[in-house]
Amino acid sequence: MTPIPGPNAQRIVAQDTQLMMTSTKSAPIAAASGQGVWITDVDGNRLLDFASGVGVLAVGHCHPEVVRAVQEQAGKLSHFAGTDYYYDIQNRLAQKLTEITPGSHAKKVFFVNSGAESVEAALKLARWNRRRPITIGLLGAFHGRTMGALTMTSSKPNQRGRFEPFTGGGHHIPPPYCFRCPYKLTYPSCDLYCAKILKELYFETAIPPDDVAAFIAEPLMGEGGYVVPPPGWHRAIKSICDEHGILFISDEVQAGMGRTGKWFAIEHHGVVPDILTTAKALGGGLPMGAIVFRKELDYTVPGAHSNTFGGNLVAGAASLATIGILERDHVIENARKQGEHLMARLRELQQKYPAIGDVRGLGLMVAAEFVAPGRDHPPDVKLRDRVMDESWHRGLILLPCGKSALRFIPPLIVQTDEVDEAIEILDAAIGAALGSG
Ligand SMILES: Cc1ncc(COP(=O)(O)O)c(C=O)c1O
C-alpha cells in the first residue's frame with residue numbers, strides 16, 4: 001500500500017500528460033486489475049470502484065463468465081463485418097434486446113461501438129424517416145461529443161465552446177429539474193409546466209412542430225446531474241410528440257441495462273420510446289452500443305446508414321454473457337435493493353452534513369448535490385471537488401456530475417457491506433473536505 005497516487009501511478013500520469021490529448025481526467029488513479037467492485041492500482045492499492053468505468057461494469061470487473069466468453073470468441077473469430085455479412089451472435093443479441101426493451105411492438109436493432117455513435121444513429125434514423133430538420137432536447141442533457149450528438153448535448157459550456165456551427169436543427173428546452181426548478185415552481189402544483197411549455201410556448205413561437213423529427217431525452221439526466229424528472233413529465237412530453245408525429249428517443253446509454261433497477265430507466269416513467277439508445281454497460285467492458293427501434297422505421301435504402309465494427313463479435317459475446325448474468329443472478333433486483341440502501345445511507349449523511357443539499361436517483365444511479373448555505377442552495381463546486389479528492393485518497397472512486405454533484409454508480413453486483421464501506425469513506429472524506437475548506 002502506498003499513498004494514492006503511488007510512484008508507479010505518478011510515472012504513468014506524468015507520461016500520459018506528455019502524450020495523451022486533454023480529455024476528462026477525474027483522478028490520478030492507474031488501475032492494473034479489477035475484480036467485482038474492486039480495483040487494484042499499479043502500486044498495489046485496492047480501491048472501491050463506485051464509478052464502474054463511467055457506468056460500464058454492470059456485472060463487475062472481470063466477471064469470470066464474461067472473461068471466458070471473450071476469450072473463447074477471440075480464439076474463434078473476432079471480426080468479419082456484421083453490416084456486410086452475417087453473424088449469429090448479432091442476431092442472438094438483437095433478439096434479446098428486442099425482448100428486454102420496453103414495448104411489445106415489432107422492433108429492429110442496429111449495432112454501434114459507443115454511446116455517441118448510438119445517438120448519431122438514432123438522430124439519423126429519425127431525420128430520414130420524418131424528413132424534418134429539427135430535434136428537440138433538454139438544456140443540461142448529455143448525449144455525446146461527436147458533432148450530431150453534440151448538437152443535442154448541453155450539459156456544460158466547455159463541451160460546446162468553439163464547436164459551432166453544429167449539425168443544425170438542434171433546439172433545447174429547460175429541464176425538469178425540481179431541486180432547481182428553472183421556473184421556481186413546485187411539484188405538483190406546477191402542473192408540469194416544464195412539459196406543457198413545449199406545446200404552449202415553444203410550438204407557438206420558435207419551433208414549428210411540423211418541422212420536428214424527434215425529441216431526445218435521457219430518462220434521468222446523467223452527466224447533467226442525475227436529475228430525475230417528476231412523475232408524469234415523460235408521459236406529457238410523449239403525448240405532445242404523438243400529437244405531432246414527433247419520434248421520441250430515450251437515451252439509455254448511461255441509465256439502461258439494469259442500472260436503475262429496471263432493464264431500461266424509461267420503464268419507470270411508463271413511456272414506450274420509438275427509438276432507444278444503449279451502450280456502456282451493454283458490452284460488459286467492451287465497446288458495444290445499439291439502437292432498438294420500431295420496425296417500421298427501418299431504412300428502405302441500403303447504405304443510408306452502416307459502419308464497420310458495430311456489433312463486433314468479441315464485444316457481442318461479452319454482451320450476451322453480461323445479459324445472461326444479469327438475468328440469471330437477479331442482478332437488477334440487487335441494483336434496486338442496494339440502490340435503496342445507498343440512498344438511505346446518503347440521506348443519513350445529509351442529516352449530518354447540511355452541505356449535502358439533495359440526494360436523488362433511481363436504483364444504483366444515485367447522486368448527492370453539494371450546496372453552500374444561502375437562499376436557493378447555491379452549488380458548492382469547490383466542496384464537491386474536495387470531497388471527490390478526499391474520497392479517492394481514501395480508496396473510494398467517485399465521479400462528478402452536474403454542477404456540484406457526485407455520482408455513486410457501483411457495479412450492480414455490489415453488496416451491502418461494500419455500500420457501507422463506501423459510506424464510511426465518504427463520511428470521512430466530507431469531514432476532511434469541510435475541515436480543509
Ligand atoms: C446519456 C448518454 N448518452 C451518450 C453518451 C456518450 O457515450 P460515449 O461516451 O460512449 O460516446 C453518454 C456518455 O456518458 C451518456 O451518458
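Read the numbers this way: they start at 1 and go in the same order the structure lists the ligands and their atoms.
Under the 6.0 Å cut-off for aromatic ring centres, Phe408 and Phe50 do not qualify, their centroids lying 6.0 Å or more apart.
Of all protein heavy atoms, the one lying nearest to atom 11 (O) of ligand 1 is Ala116 N, 2.8 Å. Ranking the protein heavy atoms by distance from atom 7 (O) of ligand 1 puts Gly115 CA, 3.2 Å first. Summary of contacts: the protein heavy atom closest to atom 16 (O) of ligand 1 is Gln254 NE2, 2.8 Å.
Against a heavy-atom cut-off of under 4.0 Å, Ser114 is close to the following atoms of ligand 1: 10 (O), 11 (O). For ligand 1, the atoms lying closer than 4.0 Å to a non-hydrogen atom of Glu218 are 1 (C). Near Val253, meaning under 4.0 Å from one of its heavy atoms, ligand 1 places the atoms 2 (C), 3 (N), 4 (C), 5 (C), 7 (O), 12 (C), 15 (C).
Ring planes of Trp128 and Tyr299: perpendicular class, angle over 60° (limits at 30 and 60°). Note on ring orientation: taking the six-membered ring where Trp is involved, the planes of His234 and Phe248 are perpendicular (angle over 60°, cut-offs 30° and 60°).
For the pair Lys238 and Glu243, the salt-bridge criterion is not met [side-chain N within less than 4.0 Å of a carboxylate O]. A salt bridge links Arg92 with Asp88: the closest approach of a Lys/Arg side-chain nitrogen to an acidic carboxylate oxygen falls below 4.0 angstrom. Under a 4.0 Å N-O distance rule, the pair Glu369/Arg360 qualifies as a salt bridge. Note on Asp298 versus Lys108: salt bridge recorded, some NZ/NE/NH1/NH2 to OD/OE distance being below 4.0 Å.
For Arg145, no heavy-atom contact with ligand 1 is shorter than 4.0 Å.
Residue Glu223 has no N or O atom closer than 3.5 Å to an N or O atom of ligand 1. At least one N/O-N/O distance between Asp251 and ligand 1 falls below 3.5 Å.
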